[in-house]
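Keep in mind that what you see is a predicted model, and the values were worked out from it rather than measured. These values consider heavy atoms only, across backbone and side chains, with no hydrogens, waters or symmetry-generated copies.
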Amino acid sequence: MKNMPKNTILRLLIVIIGIVGILITISSLGQHFYISQPVSEIEVGIQFRNNQIHDIVGPGVYNDFGPFVQLETISQAAVFFRVEDSDIITQDEKRIGLIVTGDVFRPGLNSADLIRENWTRHQDLYASDDEIVQRITNFTRQAMKVCVGERTFHDSFFVGTDRVDLQMCISENVQQQANVLGLRIGNVDVPDLILSPEDQAALDELMQCRIEAEQAVQEQLNDGEDASEEQIFQAIENECN
């Protein structure tokens, strides 16, 4: 630019200043309108005016004009979590491990009041799957320790209805903790156990005992008569614990 004519330099400076001015203007105006902004089928929209929640809306295309308007979205897709803990102590001090899986759901259109109440505190959580998984993982680890710690190894919560009871205990415990975040927990499962070889052998023995106890009760009955749950339970209690 040393040998460039002064009038050329002046024009160049005017162009640069003009471009910067246009960008600043566009940026400023962008805070005062949005046009044709979509909310998809798996989202809920949050409309802001003056940096305050104005409305919670469902899927569609939205426009708005005014001071400091904005449209944010919350995904309604399930967020999958999987938690593994190999160091849980039962009531009788047996060491076992569990794998727990499930889904987390953010509040939807039918929970507009919940979104309004929790947005300021939990907007980062509603925006990030990783944040949700981290929180729910911590909740689940705590629930696993509580629910397993309430049972002995020989309560046989590993199989049958006892396994379902454990699953329900964990699900309810995690949901209670998630309520403060406005999240819903679903599809909780305990798909696998982590046991030492010794405890696995004890579990196999316990399961075999249960099968034999049920068969023995059934054989004592007349042909065609099914053993009741109470009869089977009592036989298992007598023979396997």
**Student:** Please identify which of these residues, D85, T140, D87, meets the side-chain hydrogen bond (donor to acceptor under 3.5 Å, both in side chains) condition with K145.
**Tutor:** D85
**Student:** Under 4.0 Å between a Lys/Arg side-chain N and an Asp/Glu carboxylate O for R106 and D129?
**Tutor:** yes
**Student:** Applying a strict under-4.5 Å side-chain criterion to I, L, V, M, F, W and Y, I'd like to know whether F105 and I56 cluster together.
**Tutor:** no
**Student:** Considering non-hydrogen atoms only, spot the tightest contact between I74 and P107 and give its length.
**Tutor:** CG2-O, 4.2 Å
**Student:** List the atom of L109, the atom of V57, and the distance in Å for their closest heavy-atom pair.
**Tutor:** CD1-C, 3.7 Å
**Student:** Using modelled atom types and a 3.5 Å cut-off, is there a donor and acceptor pairing between side-chain atoms of E131 and backbone atoms of D124?
**Tutor:** no
**Student:** Do you know the tightest heavy-atom contact between V174 and A143?
**Tutor:** CG2-CB, 3.7 Å
**Student:** Once side chain to side chain donor-acceptor pair (under 3.5 Å) is applied, what residue pairs with a partner in residues 167-180 remain, sequence neighbours excluded?
**Tutor:** N173-Q177, Q175-N179
**Student:** If you count every heavy atom of other residues, nucleotides or ligands that lies below 6.0 Å from R121 atom CZ, does the total exceed 12?
**Tutor:** yes
**Student:** How about R141 and N138: does a side-chain donor come under 3.5 Å of a side-chain acceptor?
**Tutor:** no
**Student:** Mind checking what makes ring pair (Phe, Tyr, Trp, His ring centres under 6.0 Å) contact with F48, not counting sequence neighbours?
**Tutor:** W119
**Student:** Assess the side chains of T90 and D92: does a donor N or O sit below 3.5 Å from an acceptor N or O?
**Tutor:** yes
